[in-house]
**Q** 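First, the structure itself, so that you have it in front of you.
We count ligands from 1, going down the list as the structure has it; atoms in each ligand are counted the same way.
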Amino acid sequence: MSRYTGRVVMISGAGQGLGRAMAERFAADGAAVAVGDVRGPAAGETAALCGVPLARPSTVDVTDAGQVDRWVADTVDAFGRVDVLVNNAGVLRDNRLEHMTGEEWDTAVDVSLRGAFHCTRAVFALMKAQRYGRVLSLSSVCWRGNFGQANYAAAKAGIVGLARTVALEGAAHGVTSNVISPGIIETPMLAALPRRARERLSRSVPVRRAGHPAEIADAAAFLCDEQAAYITGAVLDVDGGFSVGSALR
Ligand SMILES: NC(=O)c1ccc[n+]([C@@H]2O[C@H](COP(=O)([O-])OP(=O)(O)OC[C@H]3O[C@@H](n4cnc5c(N)ncnc54)[C@H](O)[C@@H]3O)[C@@H](O)[C@H]2O)c1
């Protein structure tokens with residue numbers, strides 16, 4: 001028996017990066033994993049990498065409530081329950097405020113925040129009914145504010161408010177809700193930045209390196225464990241000390 005044997009885990013945006021690392025980690029620990037991504041083939045690649053028949057890929061755009069509801073219904077049909085939801089899907093649409101378009105604002109906020117709302121709402125009643133659930137949402141160190149990321153920072157701060165409210169509403173029903181706030185992690189999202197920006201960012205981390213996706217997956221496996229029942233409403237920085245102390249380094 002592994003730690004997650006018999007558990008059913010849903011992860012949005014799991015076609016690459018942190019979502020993929022978490023899917024592989026939960027699968028390795030024995031879970032059935034519903035791998036959702038707006039890019040269906042990428043979800044299929046992640047499910048294949050999980051290497052277990054209990055990994056099920058789906059094409060799902062989290063900004064579309066109907067698609068999310070169908071994804072949850074399909075997962076329940078396939079596996080009978082949902083124990084863990086990881087709200088991971090997120091996108092960057094960076095721009096200085098005065099140049100930021102309404103579309104850039106909407107896209108960043110809709111994928112991260114509205115998407116998390118859709119997914120959490122879709123699983124919440126059944127988690128409460130089964131008197132067990134773990135909701136984990138991905139924020140970012142940027143939730144405290146970041147130059148050129150008004151949309152992303154607002155969305156990721158919104159994630160904290162959503163998750164802490166879900167923690168209160170779920171607490172009496174065996175449902176926890178927590179947040180991981182990653183720092184600079186080596187994923188395709190980071191790779192999309194210019195090399196000099198990536199190097200500068202990595203140097204600014206107190207531990208002097210970017211994090212590995214597996215280090216986020218380790219934190220996720222900890223917070224979503226059955227034994228983490230007394231941890232709810234927490235925001236866990238997994239950032240090599242990036243958010244500690246002065247911005248002057
Ligand atoms: N990588 C980092 O350094 C870092 C740091 C802080 C926070 N985060 C957060 O962690 C999460 C994962 O980041 P990542 O680096 O793995 O990102 P990524 O860009 O590598 O992967 C994001 C995935 O989300 C999917 N996606 C995009 N829009 C979607 C939608 N509408 N519906 C469903 N799926 C959609 C993409 O297809 C992609 O597979 C995000 O919420 C991100 O904001 C990442």
Side-chain angles (χ1 to χ4, degrees), residues 10-25 34-47 49 57-72 85-94 103-104 106-120 122 136-146 149 151-160 162-163 179-193 197-198 200-202 204-205 209-217 219-220 235-240 242-243:
M10 299 185 72
I11 308 176
S12 69
Q16 65 179 34
L18 303 185
R20 173 171 286 178
M22 289 187 279
E24 291 187 274
R25 175 60 197 263
V35 179
D37 203 286
V38 70
R39 297 174 301 118
E45 283 171 27
T46 296
L49 283 168
S58 297
T59 306
V60 56
D61 179 344
V62 294
T63 66
D64 182 327
Q67 289 188 34
V68 169
D69 290 347
R70 279 193 294 282
W71 182 39
V72 172
L85 166 69
V86 183
N87 289 312
N88 169 74
V91 293
L92 296 174
R93 290 292 184 275
D94 296 357
E103 195 182 349
E104 286 167 340
D106 286 347
T107 302
V109 174
D110 282 357
V111 176
S112 276
L113 185 54
R114 193 177 180 86
F117 159 61
H118 286 159
C119 293
T120 307
L136 177 66
S137 302
L138 274 287
S139 180
S140 162
V141 283
C142 301
W143 77 269
R144 298 168 177 89
N146 200 29
Q149 293 194 318
N151 50 359
Y152 186 71
K156 294 306 191 181
I159 285 278
V160 173
L162 169 66
V179 172
I180 288 179
S181 179
I184 317 293
I185 314 293
E186 283 168 358
T187 65
M189 187 182 262
L190 182 66
L193 297 176
R198 285 201 314 272
R200 187 170 44 78
L201 275 172
S202 295
S204 69
V205 180
R209 65 169 176 85
H212 302 300
E215 293 175 305
I216 300 299
V235 180
L236 181 63
D237 294 310
V238 184
D239 65 358
F242 189 77
S243 59

**Q** Which residue owns the protein heavy atom closest to atom 15 (O) of ligand 1, what's the atom, and how far is it?
**A** Thr187 OG1, 2.7 Å
**Q** State whether the shortest distance between N or O atoms of Gln16 and N or O atoms of ligand 1 falls below 3.5 angstrom.
**A** yes
**Q** At their closest point, which heavy atom of Ser181 faces which heavy atom of Val141, and how far apart are they?
**A** OG-N, 3.2 Å
**Q** Specify the protein heavy atom at minimum distance from atom 44 (C) of ligand 1: its residue, its atom name, and the distance to 0.1 Å.
**A** Leu18 CD1, 3.8 Å
**Q** At what distance, to the nearest 0.5 angstrom, does OG1 of Thr187 lie from CZ of Arg20?
**A** 12.0 Å
**Q** Could you tell me which atoms of ligand 1, counted from 1 in the order shown, lie closer than 4.0 angstrom to a heavy atom of Val60?
**A** 32 (N), 33 (C)
**Q** Taking 4.0 angstrom as the limit, do Glu103 and Arg93 come out as a salt bridge?
**A** no
**Q** Working to the nearest 0.5 angstrom, can you tell me the gap between Asn87 CG and Ile180 CD1?
**A** 12.0 Å
**Q** Below 3.5 Å, N or O to N or O, backbone or side chain included: is there any such pair between Val62 and ligand 1?
**A** yes
**Q** With a cut-off of 4.0 Å, which atoms of ligand 1 are near a heavy atom of Asp61?
**A** 30 (C), 31 (N), 32 (N)
**Q** Taking atom CG of Leu92 and atom CG of Asn151, what is their separation to the nearest 0.5 Å?
**A** 8.5 Å
**Q** In the protein, which heavy atom is nearest to atom 40 (C) of ligand 1, and how far is it?
**A** Asn88 O, 3.1 Å
**Q** If you define the side chain from C-beta out and look only at heavy atoms, does anything of Asn146 sit under 4.5 Å from Lys156?
**A** no
**Q** Applying a strict 4.0 Å limit to heavy atoms, is Ala14 in contact with ligand 1?
**A** no
**Q** Identify, for atom 24 (O) of ligand 1, the protein heavy atom at the shortest distance, and state residue, atom and that distance.
**A** Gly13 CA, 3.4 Å
**Q** Taking the side chain as everything from C-beta on, heavy atoms only, tell me whether Arg198 gets closer than 4.5 Å to Leu190.
**A** yes
**Q** Below 4.5 Å, heavy atoms only, C-beta onward: do Pro182 and Leu18 meet side chain to side chain?
**A** yes
**Q** Among all protein heavy atoms, pick the one closest to atom 37 (O) of ligand 1 and tell me residue, atom and distance.
**A** Asp37 OD1, 2.6 Å
**Q** Which residue owns the protein heavy atom closest to atom 8 (N) of ligand 1, what's the atom, and how far is it?
**A** Tyr152 OH, 3.6 Å
**Q** Only heavy atoms count here, so choose which of Thr107, Val86, Val38 is nearest to atom 30 (C) of ligand 1.
**A** Val38
**Q** Looking only at protein heavy atoms, identify the closest one to atom 7 (C) of ligand 1 and say how far it is in Å.
**A** Ser139 O, 3.2 Å
**Q** Where is the nearest protein heavy atom to atom 4 (C) of ligand 1: which residue, which atom, and how far?
**A** Gly183 O, 3.9 Å
**Q** Hey, are the side chains of Leu138 and Ile159 touching, using non-hydrogen atoms and a 4.5 Å cut-off?
**A** no
**Q** Determine whether the side chain, the backbone, both or neither of Arg39 has a heavy atom under 4.0 Å from any heavy atom of ligand 1.
**A** side chain
**Q** Dump the intermediate steps for side-chain contact (heavy atoms from CB on, under 4.5 Å) on Ser243 and Arg144, then the final yes or no.
**A** CA-CA 9 Å; Ser243 59; Arg144 298 168 177 89; 3.6 Å; yes
**Q** A side-chain contact here means heavy atoms from C-beta on lying under 4.5 Å apart; do Ile11 and Thr46 qualify?
**A** no
**Q** Would you sort out whether Gln67 and Val60 count as a side-chain contact (heavy atoms from CB on, under 4.5 Å), showing the intermediate values?
**A** CA-CA 6 Å; Gln67 289 188 34; Val60 56; 4.1 Å; yes
**Q** Yes or no: does Glu186 have any heavy atom under 4.0 Å from an atom of ligand 1?
**A** no
**Q** Touching ligand 1 at all, Val91? Heavy atoms, strictly under 4.0 Å?
**A** yes
**Q** Measure the distances from the heavy atoms of Ser12 to every atom of ligand 1 and state whether one is below 4.0 angstrom.
**A** no
**Q** Any idea which part of Lys156 is under 4.0 Å from ligand 1, heavy-atom wise: side chain, backbone, both or neither?
**A** side chain
